[in-house]
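Heads up, the thing below is written out as structure tokens.
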Amino acid sequence: MTAAKDGFLVVEAASHQWFTDDEMHGRKHRIFVSTPGITYYFDLVAHGKKTQQDSQGIWGNTSVPLAKGSTVSVWITDVDNAGSTKEWVAMNICWYTLGA
């Protein structure tokens with residue numbers, strides 16, 4: 001994406017995990033926001049006991065300032081490659097311009 005005006009890119013992500021007794025817990029997904037010169041990230045970390053029930057949904061967000069004409073990329077990775085039996089990740093990207 002390319003910024004049409006100066007502003008902030010806000011990225012929110014949520015993950016819903018499902019674990020079995022023999023699966024790992026901890027960090028699952030990392031969301032990256034790459035801008036000219038720097039890459040930001042935040043992690044979605046799994047919580048709860050090792051059960052065969054849906055764990056509590058986890059979410060995170062970040063906001064990144066962007067100047068007009070800057071390019072930005074956003075993507076999700078599975079950090080520890082310990083995929084749960086079921087998992088869903090949803091991402092929301094919003095652009096807020098500065099000024100009128």
| request: Go through the steps for V64 and V72 under the test side chain to side chain contact (heavy atoms under 4.5 Å, CB included), then give the verdict. | output: CA-CA 10 Å; V64 176; V72 61; 5.9 Å; no

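The two residues V10 and S63 have their closest heavy-atom pair at CG2-CB, 3.9 Å. Heavy-atom minimum distance, P36 versus T71: CD-O, 3.2 Å. When all heavy atoms of F32 and T77 are compared, the closest pair comes out as CE1-OG1, 3.5 Å. The two residues T2 and G69 come nearest to each other via the heavy atoms CG2-O, 3.8 Å.
Interatomic distance, OG1 of T62 versus CD of E12, reported as 10.5 Å (0.5 Å rounding). If you take OH on Y41 and CD1 on I31, they are separated by 12.0 Å, rounding to the nearest 0.5 Å. In this structure, NE2 on H29 lies 11.0 Å from CG on D43, to the nearest 0.5 angstrom. Here the CE-CG distance, from M1 to L9, works out to 5.5 Å after rounding to the nearest 0.5 Å. Atom OG1 of T97 sits about 11.0 Å away from atom CZ of F8, to the nearest 0.5 Å.
A single hydrophobic cluster is seen to contain both I38 and I93, as judged by linkage of ILVMFWY side chains at heavy-atom distances under 4.5 Å, directly or through other members.
Of the possible donor and acceptor atoms, one in the side chain of D6 sits under 3.5 Å from a partner among the backbone N and O of K68.
Here A4 pairs with nothing under the side chain to side chain contact (heavy atoms under 4.5 Å, CB included) rule; sequence neighbours left out. Residues that satisfy the side chain to side chain contact (heavy atoms under 4.5 Å, CB included) test with S73, not counting sequence neighbours, are S34, W75. With sequence neighbours left out, the ring-ring contact (aromatic ring centres under 6.0 Å, His included) criterion links W95 to no other residue.
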